[in-house]
Structure formats: structure tokens, C-alpha cells
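Okay, so here's the structure we're looking at.
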Amino acid sequence: MSESSQATVHRPAGTAGQGARARIALVLVSHSERLAQGAVELAAQMAPGVVLLAAGGRDDGGLGTSYDRVSAAVGEAAADADGVVVIADLGSAVMTVESVIELDDELDGRVRLADAPFVEGAVAAAVTAHGGGSLEEVLMSAEHAGGTFASLDAAVEQAGQERDALAPEPGDLSRTVVLRNPLGLHARPAALLARMIAGFDASVTIDGVNGASVLELMKLGATGGQELTVAAQGPQGSEALAAVVEAIDGGFGEV
Amino acid sequence: MTLDVAWALRWTRLTAQEIARSKAELTELDRQIGDGDHGENLNRGFQAVLAKLDTVDPPEQIGDVLKLVATTLMSSVGGAAGPLYGTAYLRAAKVTGLAELDPHGVVALLEGALEGITARGKASPGEKTMVDAWHPAVDAAEAAAGQGAGTTQVLAAAVAAAREGAEATIPLVATKGRASYLGERSAGHQDPGATSTALILAAALAAVETADPVAATPDE
């Protein structure tokens, strides 16, 4: 019925290859068909290796939530993945998801509804899933996205404290590098870095924040020309450090 | 009067009739404090229930009717009333694996419905939601059954309490659901969900009182 040109499903390009790394799929449920599709599109740009399904609107395409659409999307996602995290926008979408989870016996605890803001939660969860996160990790990532954006002042203050805690220790590898792209560490490069870092067996901080967290990186608000301190530790610390520095120095293809 | 599967079917058809007749009124109530779609949504749901009843084999048990209503409402309503009433009918169906309801069966059905709505919507009495009609209805039904009333009187007690409960939502300030976004401005309007609850329960009573004479004839 919905002959929309926008995708309702995002699947990794090479499902059998590297894209299969994400074990957790996401279902995004909105009152609006287009809002759900837009959220899938946005999250897919940041996390191309994750199966993302939109379940928005009523069966006739109007505003609302459809039990059948949600049920079909959740079933399809669960068939392919170890687990499914669902993010929903408003009251009836949340209640419809809960009904689906309660009524479908085959889902068997592998589907969880995140108590998360729709867009921020979807992006954070998708990036964590892309990095190979477990059901619990992807869920937590979505749920913590709310606090990250809800009170930015508090978050910045907290980030300052965490920064002290994450300050490079003796033995850490560390380098400084200048952000060369004019727009700085906006969403796309932040996601790119976070994904890259998650792929190494290493712990990397950028200006003191967790480099594997796309939201932490975006919160830095780092702009073009700014100098960043990258520190790494762990078995693949030096490889991770080199890759991150190279990506930043390369301007993320934007220079 | 017997509360059997024929009663459950009459209840369902009368509910659909009543919701269709009150569609504009419910939508108007919802326009004042919500998003103005309660009447349309619920009517779409119950019309879908009628259509479904015409295509399936005749249900054999009360619980089958309730389950059919539950799944159809969830699939077709589109608003919060879908999962809320859907879960209510579903939980009501779980407790009525009986061919006929006695007064305690009526109470169990209503309790199941209330439990479903609170599980799904997480509202408590006094928050200006459909719980404000369901809660007093269950209390009144329990009290009536405890005093030895018959099925019809138990239902009548529930209907009277649901109507009073719905009217009592007028001065309340909403703290759950879409109306809670309005804060103080939600006071002065009757809650649409509590209103539709009273309609649904009134149809259950009417379905007893308008018992189809053919269905009521005992087997020879």
C-alpha cells in the first residue's frame, strides 16, 4: 500500500561478508511511516553493517501504529539476528511493541524495547551494534543516549570529570593531531571513528572521551583546525592510534 | 439470562454499533485534551471486528470472541486505544475459558480487562485515563457479586460505576497519556478513554437485556 520510494529496510551490502559482524538488528517504530524510514536512513549512514527495519504508520499509511507492521518487522529482524532492539517514538507505539513482544512466543526473550529517545537512541544503538555489541550493550547504548542529549550542560560537566579519569597514563601511547576538515567532528566522521576504534582490541580516547562512543565524540564539539589528543592502550593500541590519526589527518575525505 | 458465547457476540456487535453512534462525541472529547482521533480510531477497530466476524467460523466460546476482538483491535485501531483495549480483551479472554459466566465469572472477566489495561498503560486511578472507569467498575462488580447478586445485577453495578467514574474524570488534571501534555488545561473535560470504557460496558449489559429470543430458547 505504501509505494514510498524510501527504504523500509536497510541491509548491509555484503551480508555474508564483513557486514555480518553485527549480531543485533534494530527495528524503529514511529507513528509516522516517513519518520521511521528517515531514522533508518540516518542510522544506516552511521552504521552500514547493521540490519535496520522501519515499522512506521498504520497499515493504510496514516499516522499511528500498526500491530501487524511492528510484528512483521520484529519477526523478520529476529529471524536474521541474535537479538533485536526496538526503539519507539510515542505512547501507542511503545504499547504496540510491548504487545508484540508479549504475544509472540517465538521471540523468546531475544527482543528488547529500549526506553530511549527515538533518533538519538537509534543512532547510538546502531553504531554499537555495528561494532559487534551484544543485545544488552546495544540496549544500554540506546538508553544512555537520552541522558547524553537531555542535559547537555550536565553531560559536558560530567565529561570533564570523566576526562580526568581517562587522562593518559604513563605507558599509554598518545599523539596530537589537527582536525583538518572544516566541519570538524560532526556526526559522520564521529561515527566513522567510533566504528574504526571498536574494531581494534584497544581502548582509545580522544581529548579524554571514549573514542568508541559516537555520542561522546560528537559532544566534544571539536571544530576544524582544532588540535585533538588521541591516546590508546591495549594489545592493538599502536595500530588503533595510527589508524585514528591517519583518518583525522586525512580530513575524513572532506578536504 | 445466560452469559454465553451468543451473549459475547451480541455484546461485540452492540459495542460496534454504540461506538459508531458515539464516534463524533468521542473524537470531540479527544480533540479537547488529546489528539482528536479516539472516536475514529475505535470505530475503525470495531468495524474491523465486525468484518472479521463475518469471515471466520462462528466462535464456540466466550474467550474466542474476546480474543478475536483483542487481536483485531490491536491490528486496526492505530492509536493507544488499540494496544490498551487489545490487551484488556486478551486478558479478559484468558480468565473466561468457561461456556457460561456466573456472577464471579463476570467479575473475573472485568478484572482481567483492568489488569491488561494497567499492565499496558501503567496508569493508576486518578490520572484521568480509562482506568478511572475500569477500576470502580471492577470494585462495584466485586461488591455486588459478594452480596449474592446475579450476573445482570453485577454487570449493571459495573456499568453504573464506570459511568460515574468517567464523569468524575472531568475535574481531574491528566498525568498519563497524551492529555498530560496539557497539564492544568486538561481539567474540565471528560476523559475520552474513560467514556468509551463506559460505552463498552453498557453494551455488555444491553446484550443481556436484549437477549435474542431464539438463542435463549432452551434445548428440548
Side-chain angles (χ1 to χ4, degrees), chain A residues 1-2 4 8 27-37 54-76 86-107 111-118 143 150, chain B residues 30 33-45 47-49 51-52 67-91 93-94 115-123 127-131 174-181 192-193:
Chain A
M1 204 152 326
S2 56
S4 166
T8 304
V27 174
L28 306 182
V29 181
S30 168
H31 278 58
S32 154
E33 186 170 25
R34 286 188 293 163
L35 184 55
Q37 288 167 342
R58 293 198 313 255
D59 288 342
D60 62 7
L63 289 179
T65 334
S66 153
Y67 182 91
D68 294 343
R69 282 189 177 191
V70 174
S71 173
V74 167
E76 193 180 334
V86 186
I87 300 173
D89 62 357
L90 295 168
S92 77
V94 171
M95 288 190 279
T96 301
V97 173
E98 287 173 346
S99 302
V100 168
I101 292 175
E102 182 180 329
L103 296 189
D104 192 338
D105 297 333
E106 289 175 18
L107 299 177
V111 179
R112 304 279 296 274
L113 172 65
D115 180 11
F118 192 61
E143 299 198 336
Chain B
D30 196 29
I33 59 171
D35 49 3
D37 61 6
H38 190 60
E40 296 291 337
N41 283 349
L42 214 48
N43 186 50
R44 179 172 46 245
Q47 291 306 311
V49 169
K52 190 88 182 177
K67 256 182 235 168
L68 179 142
V69 175
T71 52
T72 310
L73 290 183
M74 280 194 195
S75 297
S76 58
V77 168
L84 285 170
Y85 280 131
T87 312
Y89 275 93
L90 198 72
R91 298 282 171 94
K94 278 183 190 168
E115 182 213 306
I117 282 175
T118 48
R120 191 60 71 225
K122 300 176 182 67
E127 294 182 322
K128 202 179 182 94
T129 70
M130 49 177 76
V131 170
T175 52
K176 272 275 165 27
R178 195 73 68 94
S180 64
Y181 299 166

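Residue numbers begin at 1 in each chain, while the letters A, B, ... track the order of the sequences. Quick caveat: nothing in here was measured; it's all calculated off a predicted structure.
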Could you pull out the closest heavy-atom pair between A:Met95 and B:Gly121, with the gap in Å?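 So the two residues come closest at SD-CA, 4.0 Å.
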
Minimum heavy-atom distance B:Val77-A:Arg58, with the two atoms named: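 It is O-CD, 4.2 Å.
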
So which of B:Gly82, B:Gly79, B:Pro83 has the biggest tally of heavy-atom pairs under 4.5 Å with chain A?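 Option with the top pair count is B:Pro83.
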
Portion of B:Lys122 that has a non-hydrogen atom of chain A nearer than 4.5 angstrom: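 The answer is the side chain of B:Lys122.
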
Within this structure, what is the [atom1]-[atom2] distance for the pair [X] and [Y], rounded to the nearest 0.5 Å?
{"X": "A:Asp59", "Y": "B:Arg44", "atom1": "CG", "atom2": "CZ", "answer": "9.5 Å"}
{"X": "A:Glu98", "Y": "B:Thr87", "atom1": "CD", "atom2": "OG1", "answer": "8.5 Å"}
{"X": "A:Thr96", "Y": "B:Arg120", "atom1": "OG1", "atom2": "CZ", "answer": "9.0 Å"}
{"X": "A:Leu103", "Y": "B:Leu90", "atom1": "CG", "atom2": "CG", "answer": "5.5 Å"}

Counting neighbours of NZ on B:Lys52 that are heavy atoms of other residues, nucleotides or ligands and sit closer than 6.0 Å, is the number greater than 12?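 12 or below, so no.
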
